[in-house]
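Presented below is the structure to which this report refers.
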2 protein chains.
Amino acid sequence: MEESPSRGEQTRKAILQAAHDLFVQQGYHGTSMRQIAQRAGIALGGLYNHFASKEDVFQAVFFTYHPYHEVLPMITESQGNTLDEVVQDAARRMLEVVEGRPDFLNLMFIEVVEFKSAHAQQLMVDLLPRGVGILQHISRVGEGQMRPIPPHIVVRSFLGLFLSYYITDLVFAQASPPEFRQNAMQYFVDIYLHGLLKDPAALPDSK
Amino acid sequence: MEESPSRGEQTRKAILQAAHDLFVQQGYHGTSMRQIAQRAGIALGGLYNHFASKEDVFQAVFFTYHPYHEVLPMITESQGNTLDEVVQDAARRMLEVVEGRPDFLNLMFIEVVEFKSAHAQQLMVDLLPRGVGILQHISRVGEGQMRPIPPHIVVRSFLGLFLSYYITDLVFAQASPPEFRQNAMQYFVDIYLHGLLKDPAALPDSK
DNA sequence: CCTACCGATCGGTAGG
DNA sequence: CCTACCGATCGGTAGG
């Protein structure tokens with residue numbers, strides 16, 4: 001049965017939530033321990049009963065709120081009878097997760113810029129076991145339907161599909177006419193599955 | 001003929017270079033005006049003869065060193081007889097530009113996180129004229145070779161190809177065996193051009 | 001372009 | 001978990 005969290009654990013969670021919200025909005029060095037304490041509803045000194053330093057707070061936020069918690073299930077839980085359907089389903093989930101969250105990847109950006117990816121190695125160690133499962137999942141789902149492409153490239157390119165849609169949406173959303181955004185994801189998935197080019201066999205000879 | 005830059009212009013350039021190097025390594029709020037002054041070889045007070053504020057320095061760095069200065073020529077100057085060859089050539093240029101520069105996109109990340117994309121609109125205004133040229137370029141190069149995909153999606157997905165390769169390389173480079181990185185770009189381009197799936201016409205009926 | 005300075009705020013801690 | 005405090009550093013400026 002569920003343990004009700006102790007007072008201390010509740011406070012710790014409030015600190016993490018407050019710190020996360022401020023970090024993704026202002027960056028690490030742009031956020032002060034006083035701001036975190038205020039938003040968490042405690043005094044500055046109280047922070048240090050839960051975390052040894054500001055960097056320690058970031059580390060806990062980074063592992064607790066890292067996007068992989070939402071992105072990996074998106075990949076492994078997608079359903080469908082063909083690979084085409086599975087990717088479509090994953091793309092739909094992707095849009096749901098990301099809808100109205102323009103700061104979804106900010107924690108990653110902060111880690112890359114302000115921490116020079118200092119925590120990336122630990123993250124990879126945590127994810128390795130899952131990685132194996134994902135590779136097997138891909139092999140099973142895509143069997144016989146894919147062109148000969150190594151499974152790790154399939155994983156990486158699917159994550160890339162996600163990143164490329166999300167980031168270009170950030171860039172183009174501001175300045176493009178709305179009709180440019182409509183169905184953009186459909187086109188991205190279509191290119192990913194079937195390619196940009198016409199089938200060469202279908203091309204008329206040009207000479 | 002070339003004007004030799006005045007003393008003041010030389011100092012200004014030294015400040016921008018110093019500020020750029022520090023910003024991409026430490027972020028905006030992680031970099032102090034004193035650090036910038038020291039690296040540029042002047043005293044703190046001297047900075048304010050060239051820039052009104054720290055934010056003013058960042059703005060100038062952002063527009064002077066934005067990756068589009070290198071990415072857009074990569075697209076428009078790529079050569080080849082077929083669209084396949086043009087994309088291959090663009091990918092090759094992409095690797096050249098990015099080789100050994102893991103902080104190539106950091107300015108963009110800083111702008112997104114620490115400035116909430118405050119300068120993005122101005123950037124788009126600056127790029128609009130070029131955008132039209134790129135759309136025409138794509139239409140010309142890809143005529144008759146592409147499946148029916150709107151030109152703006154082609155531009156966006158190609159930028160996405162670049163982003164997806166670059167960022168997943170940042171992530172996977174640390175933890176993956178070296179053979180996983182070999183030829184990864186070739187696979188990315190291959191998927192982009194021809195898709196992940198086998199041609200359905202080539203599939204044996206499964207029932 | 002430098003020296004010397006301003007008030008404000010930073011991360012962190014002692015003591016209770 | 002709070003109050004009150006520490007030394008250090010911040011962005012910026014006056015005056016020359």
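To find a chain, count down the sequence lines: A is the first, B the second, and so on, and within it residues start at 1.
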Tell me, do [X] and [Y] make a side-chain contact under 4.5 Å, heavy atoms counted?
X: A/M185; Y: A/V189; answer: yes
X: A/R147; Y: B/L196; answer: no
X: B/M94; Y: B/Y166; answer: no
X: B/F109; Y: A/I110; answer: no

Problem set entry | Dot-bracket notation for DNA chain D, counting Watson-Crick and G-U pairs under 3.5 Å, with | for partners on another strand | ||||||||||||||||

Problem set entry | Centroid separation A/Y65 to A/F23 less than 6.0 Å | no

Problem set entry | Polar side-chain atom of B/Q145 near backbone of B/L83 as donor-acceptor pair, under 3.5 Å |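 A pair under 3.5 Å: yes.
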
Problem set entry | Under 4.0 Å protein heavy-atom contact, by nucleotide of nucleotides 3-16 of chain C - B base, S sugar-phosphate only | B-B----SBBB---

Exercise. In whole angstroms, how far is the C1' atom of D/dC2 from the CG atom of A/L47?
Worked result: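 So the CG-C1' distance, A/L47 to D/dC2, works out to 12 Å.
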
For this session: Measure from CD on B/E9 to C1' on C/dC1 and round the result to the nearest Å.
Result: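 Value for this atom pair: 17 Å.
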
Exercise. For the residue pair B/H119 and B/F63, does the interplanar ring angle fall in the parallel (under 30°), tilted (30 to 60°) or perpendicular (over 60°) class?
Worked result: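 Perpendicular, since the angle between the ring planes exceeds 60°.
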
For this session: Hey, can you tell me if A/H66 and A/Y68 have their rings parallel, tilted or perpendicular (30° and 60° cut-offs)?
Result: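 Tilted: the ring planes of A/H66 and A/Y68 meet at 30° to 60°.
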
